[in-house]
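Structure provided below as structure tokens; questions to follow.
Worth knowing before you read on, the calculation uses all heavy atoms, side chains too, and leaves out hydrogens, waters and symmetry mates.
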Amino acid sequence: MSQEITVSLQRKGPLIDLDMESQALGKIHVDNNALPEEERAGSAKKLLGASVLYCYVAALDKALETRGAKYDAIDAKATVSAGANDKGQSRILGIRLDIVVHMDSENEEIFERVARVLRHGCLISASLEAAFPIEYNLELECPDD
């Protein structure tokens, strides 16, 4: 069974409206007139990083919940590396995910099992791995340590 989602974009010169067509995500409005030249590039890379990070943390959350492990918080960051390929074309070279799960040490065994499963990524990251590497750095931080 396949699934399709849509997003739409309207650009009028320096004004960009990205409609996520979702009540949860709404619309993103970008006014490049309000940004310094050096801050205008990179939005697509940030959206890509956000997409991978959101998907991975959602999979992590579900995997922990399914196994009955409660956590206090998940802190996560995606770093998108871009550069040129061997032909000099601009490309995404890789994404690194750094995730820290804050939970009691009583759930450490469950965390370790989930971490092994999530080394294979989530829907978005696993789909992108054919194009470039994704690095998963998943750590546990316990308040009682």
Side-chain angles (χ1 to χ4, degrees), residues 1-67 69-104 107-108 110-143 145:
M1 175 166 108
S2 67
Q3 177 188 23
E4 292 182 348
I5 59 105
T6 59
V7 298
S8 53
L9 184 140
Q10 181 178 54
R11 183 168 188 145
K12 294 181 179 177
L15 303 176
I16 303 166
D17 288 305
L18 180 61
D19 188 345
M20 303 305 268
E21 299 186 13
S22 160
Q23 189 174 6
L25 298 174
K27 295 181 181 182
I28 298 172
H29 175 75
V30 179
D31 181 353
N32 279 316
N33 287 323
L35 298 172
E37 185 70 34
E38 65 274 5
E39 289 184 28
R40 293 180 187 179
S43 295
K45 291 183 281 273
K46 287 186 179 284
L47 288 167
L48 176 65
S51 178
V52 172
L53 192 61
Y54 189 93
C55 181
Y56 190 84
V57 171
L60 173 60
D61 171 78
K62 188 64 173 175
L64 291 169
E65 177 189 314
T66 299
R67 290 162 180 82
K70 304 281 187 221
Y71 61 87
D72 297 319
I74 297 174
D75 295 323
K77 181 177 185 176
T79 303
V80 179
S81 299
N85 66 11
D86 57 354
K87 297 177 184 174
Q89 301 163 316
S90 295
R91 294 289 185 261
I92 299 298
L93 302 177
I95 297 177
R96 186 181 74 242
L97 302 180
D98 295 299
I99 296 105
V100 178
V101 178
H102 303 271
M103 64 187 337
D104 291 333
N107 291 309
E108 188 169 357
I110 293 171
F111 173 84
E112 293 301 329
R113 283 195 316 243
V114 167
R116 281 192 297 276
V117 170
L118 286 174
R119 277 191 289 227
H120 302 290
C122 64
L123 170 69
I124 304 291
S125 66
S127 298
L128 293 171
E129 284 181 340
F132 50 79
I134 310 278
E135 180 182 340
Y136 307 98
N137 298 314
L138 184 56
E139 296 181 28
L140 174 63
E141 189 172 290
C142 302
D145 285 349

Practice prompt. Grab the two heavy atoms, one from Phe111 and one from Glu139, that are nearest each other, plus how far apart they are.
Written response: CZ-C, 3.4 Å
Item to complete: Considering non-hydrogen atoms only, spot the tightest contact between Val80 and Gly49 and give its length.
Response: CG2-CA, 3.7 Å
Practice prompt. Please report the shortest heavy-atom distance between Asp72 and Pro143, naming the atom on each side.
Written response: OD2-CG, 4.3 Å
Practice prompt. Considering non-hydrogen atoms only, spot the tightest contact between Cys122 and Cys55 and give its length.
Written response: SG-SG, 3.0 Å
Discussion item. Within this structure, what is the CZ-OG distance for the pair Phe132 and Ser125, rounded to the nearest 0.5 Å?
Written reply: 9.5 Å
Discussion item. Between Arg40 (side chain only) and Leu35 (backbone N and O only), is there a donor and an acceptor less than 3.5 Å apart?
Written reply: yes
Item to complete: Enter the distance from Leu9:CG to Leu18:CG here, rounded to the nearest 0.5 Å.
Response: 5.5 Å
Worksheet entry | Interatomic distance, Ile124 atom CD1 to Leu53 atom CG [nearest 0.5 angstrom] | 12.0 Å
Worksheet entry | From Ile16 atom CD1 to Ile28 atom CD1, the distance as rounded to the nearest 0.5 Å | 11.0 Å
Discussion item. Nearest 0.5 angstrom please: Lys70 NZ to Asp104 CG, how far?
Written reply: 12.0 Å
Worksheet item: Sub-3.5 Å donor-acceptor pair from the side chain of Ser51 to the main-chain atoms of Leu47, do we have one?
Response: no
Worksheet item: Side-chain contact, heavy-atom cut-off 4.5 Å: Ile110 with Met103?
Response: no
Fill in: Heavy-atom closest contact (Lys87 atom, Asn85 atom, distance)
N-OD1, 2.9 Å
Worksheet item: What is the distance from atom CD of Glu39 to atom CG of Asn32, rounded to the nearest 0.5 Å?
Response: 10.5 Å
Response to the item:
In terms of heavy-atom contacts, Ile74 and Leu60 come closest through CD1-CD2, 3.9 Å
Fill in: Side-chain (Tyr56) to main-chain (Leu118) donor-acceptor, under 3.5 angstrom
yes
Worksheet item: Does OH in Tyr54 sit with more than 12 non-hydrogen atoms of other residues, nucleotides or ligands closer than 6.0 Å?
Response: no
Fill in: Counterpart residues, side-chain hydrogen bond (donor to acceptor under 3.5 Å, both in side chains), relative to Asp75 (two or more places apart)
His102
